[in-house]
A.B. asks: 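Sending over a structure as structure tokens; questions will come in a sec.
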Protein chains: 2
Amino acid sequence: MATDQLDRFDRDILQIVQRNCQRTADAIAEEIGLSTSAVQRRLKRLREDGIIKSEIAVVDRKVTGTPMVFIVGMEIERDNYDALAKFRVWAEKQDHIQQVYYVTGAVDLIAIVTAQDVEHYDDIAAAIMAENPQIRRMHTNVVLRDVKLGLFVPLAGENTNGS
Amino acid sequence: MATDQLDRFDRDILQIVQRNCQRTADAIAEEIGLSTSAVQRRLKRLREDGIIKSEIAVVDRKVTGTPMVFIVGMEIERDNYDALAKFRVWAEKQDHIQQVYYVTGAVDLIAIVTAQDVEHYDDIAAAIMAENPQIRRMHTNVVLRDVKLGLFVPLAGENTNGS
DNA sequence: CATGAAATTAACTTCAC
DNA sequence: GTGAAGTTAATTTCATG
């Protein structure tokens, strides 16, 4: 509720915590010209309203034993009406499936998948096919390098570029 | 610097903060069976060593005025040796470019781009081409729905599936 | 109805063991 | 690594515009 009445301060706060959600309310308050308690109240509301969906640590893949990433295009059976819903429920539980987008174009789904090595990816791909018969074909790109990583969303009307 | 000697406790901590980095050290300590101060010391080291690269708020795109997402495949001039480095530097400053991966396959780069609407995306795509002559062609998929979003990385050897 | 100062509560940091 | 003491930050309360 009250989701689309973000004022200048809310937008400023979102810009800051999208880059670093460990900034203290005190530091944010000083930066945007508001009191500490006002910032805390707004942060609480932004969380409760789901505008801030989650606050997460971004971990360096290189040290996790799961260094590889694959970007996978998938074609699904269009006549299977709830294929997408089924896949969503299943994918949500698979920690190796990091992101999934339903798209227009040559493929229907694009997934970002992490794996320990190519053999491990082969196992994951086989599991995806086995668990989701509505998926007809998969087309895999191997990620050689992360050029940019993040989930930052600009706020329309703000100067969003990094300080 | 001690990047690949993560013990069981470090891995447990990373699993938790990847899902919620606002959990208190106290709560984490109780969950994994360690003292509060030990958890805080480990968290500090994980941050300093860059194993935790950042801690970020994930914001709901629907309320930001930038609701659309596009997944863009790009072909680059292979004989332009530092095309990738140039693009990286440029893309890092563009808030609408959320993620970029250098990949094998039919395209060389895959980017995830946010935009206010299709006209706005057209402007962004034109800017990408204009600013990066090393990009020869772009192939765009429009995201109709986020099926799964995140940057979670499983830790090999852990039972990583959500509690 | 939102703000900001003061007071309370809780978290984090430091240190001796 | 642990637990207590000291420090800092987050939260709640409340008077104010």
Side-chain angles (χ1 to χ4, degrees), chain A residues 1-60 63-65 151-152 155-158 163, chain B residues 1-60 62-65 155-159 163:
Chain A
M1 44 198 60
T3 51
D4 36 15
Q5 43 228 51
L6 301 176
D7 65 12
R8 184 217 132 193
F9 293 121
D10 289 324
R11 303 163 83 81
D12 286 351
I13 291 169
L14 290 176
Q15 292 281 358
I16 292 167
V17 296
Q18 279 197 92
R19 293 202 165 82
N20 179 5
C21 66
Q22 300 291 4
R23 287 284 292 279
T24 63
D26 212 38
I28 296 171
E30 189 181 18
E31 182 167 340
I32 70 177
L34 211 58
S35 72
T36 306
S37 51
V39 170
Q40 282 173 152
R41 208 171 328 106
R42 282 163 182 270
L43 271 172
K44 187 180 181 184
R45 189 176 52 75
L46 290 167
R47 289 179 180 124
E48 285 172 352
D49 290 354
I51 292 168
I52 295 176
K53 293 166 72 175
S54 61
E55 287 158 278
I56 62 170
V58 180
V59 170
D60 191 337
V63 300
T64 58
L151 293 173
F152 189 90
L155 282 97
E158 299 267 331
S163 64
Chain B
M1 48 186 65
T3 51
D4 35 16
Q5 44 229 49
L6 301 177
D7 65 11
R8 184 217 132 192
F9 293 120
D10 289 324
R11 303 163 84 80
D12 286 350
I13 291 169
L14 290 176
Q15 292 281 358
I16 292 167
V17 296
Q18 279 197 92
R19 293 201 164 83
N20 180 6
C21 67
Q22 300 291 4
R23 287 283 293 280
T24 63
D26 212 39
I28 296 171
E30 190 182 15
E31 182 168 337
I32 71 176
L34 210 60
S35 73
T36 306
S37 50
V39 170
Q40 276 157 344
R41 204 173 332 106
R42 282 163 181 269
L43 270 172
K44 186 179 181 184
R45 190 176 52 74
L46 290 168
R47 288 179 181 125
E48 285 173 352
D49 289 354
I51 292 168
I52 294 176
K53 293 166 70 174
S54 61
E55 287 158 280
I56 62 171
V58 180
V59 170
D60 191 337
K62 288 193 290 294
V63 301
T64 58
L155 282 96
E158 298 268 330
N159 173 17
S163 63

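Quick note on labels: first sequence line is chain A, next is B, and so on, each numbered from 1. What you see below is based on every heavy atom in this structure, not just the backbone, and it leaves out hydrogens, waters and symmetry mates.
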A.B. asks: Compare all side-chain heavy atoms of Val59(A) with those of Leu46(B) and state whether any distance is below 4.5 angstrom.
C.D. replies: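 The answer is no, as the side chains (C-beta and beyond) never meet within the 4.5 Å cut-off.
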A.B. asks: Working to the nearest 0.5 Å, report the span between CZ of Arg45(B) and CD1 of Ile52(B).
C.D. replies: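 Answer rounded to 0.5 Å: 10.0 Å.
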A.B. asks: Tell me, which of residues 24-40 of chain B have any heavy atom that sits under 4.0 Å from an atom in DNA chain C?
C.D. replies: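 Residues of residues 24-40 of chain B that come under 4.0 Å of DNA chain C are, in numerical order, Thr24(B), Ala25(B), Ser37(B), Gln40(B).
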A.B. asks: With a 4.5 Å limit on heavy-atom distance, are the side chains of Glu31(A) and Val39(A) in contact?
C.D. replies: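 Not touching, per the 4.5 Å side-chain cut-off.
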A.B. asks: Using Watson-Crick and G-U wobble pairs whose two distances are both under 3.5 Å, how do you write the pairing of DNA chain C as dot-bracket, with | for links to another strand?
C.D. replies: |||||||||||||||||
A.B. asks: For Phe9(B) and dG1(D), give me the distance from atom CZ to atom C1', rounded to whole Å.
C.D. replies: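 Rounded to the whole Å, the gap is 9 Å.
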A.B. asks: The criterion is side chain to side chain donor-acceptor pair (under 3.5 Å); which residues satisfy it with Asp60(B), sequence neighbours excluded?
C.D. replies: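 Scan of Asp60(B) (side chain to side chain donor-acceptor pair (under 3.5 Å), adjacent residues dropped) gives Lys62(B).
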A.B. asks: Give the rounded distance in Å between these two atoms: NZ of Lys44(A) and C1' of dA10(C).
C.D. replies: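 To the nearest whole Å, that distance equals 15 Å.
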A.B. asks: Can you sort out the partners of Arg47(A) under side chain to side chain donor-acceptor pair (under 3.5 Å), two or more places apart, ordered by chain and number?
C.D. replies: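 Partners of Arg47(A) by the side chain to side chain donor-acceptor pair (under 3.5 Å) criterion, ordered by chain and then number, come out as Glu55(A).
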A.B. asks: Could you tell me the separation between the CD atom of Gln22(B) and the C1' atom of dA10(D), rounded to a whole number of Å?
C.D. replies: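 These atoms are roughly 11 Å apart.
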A.B. asks: With heavy-atom distances below 4.5 Å as the criterion, would you say the side chains of Ile16(B) and Ile32(B) are in contact?
C.D. replies: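 The answer is yes, as the side chains (C-beta and beyond) meet within the 4.5 Å cut-off.
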A.B. asks: When we call it a touch if two heavy atoms are under 4.0 Å apart, what does Arg23(B) touch: a base, just sugar-phosphate, or nothing?
C.D. replies: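 It contacts nothing in the nucleic acid.
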A.B. asks: Can you name the residues that form a side chain to side chain donor-acceptor pair (under 3.5 Å) with Thr36(B), not counting sequence neighbours?
C.D. replies: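 By the side chain to side chain donor-acceptor pair (under 3.5 Å) rule, Thr36(B) matches Asp26(B).
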A.B. asks: Of the nucleotides dT12(D), dT2(D), dA2(C), which has the atom closest to the Arg41(B) side chain?
C.D. replies: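 The nucleotide sitting nearest to the side chain is dT2(D).
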A.B. asks: Grab the CG-C1' distance between Asp10(A) and dT3(C) for me, whole Å please.
C.D. replies: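 To the nearest whole Å, that distance equals 14 Å.
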A.B. asks: Starting at CG of Leu6(A) and ending at P of dA2(C), how long is that distance when rounded to a whole Å?
C.D. replies: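 Value for this atom pair: 14 Å.
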A.B. asks: Quick one: Arg45(A) CZ to dT12(D) P, roughly how many Å, whole number?
C.D. replies: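 Whole-Å distance recorded here is 16 Å.
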A.B. asks: Please check if the side chain of Asp49(A) supplies one atom and the backbone of Ile51(A) the other of a donor-acceptor pair under 3.5 Å.
C.D. replies: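 Between the backbone of Ile51(A) and the side chain of Asp49(A) there is no qualifying donor-acceptor contact (under 3.5 Å).
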A.B. asks: Just jot down the side chain to side chain donor-acceptor pair (under 3.5 Å) partners of Arg8(A), sequence neighbours excluded, or say none.
C.D. replies: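 Once residues adjacent in sequence are excluded, the partners of Arg8(A) under the side chain to side chain donor-acceptor pair (under 3.5 Å) criterion are Asp12(A).
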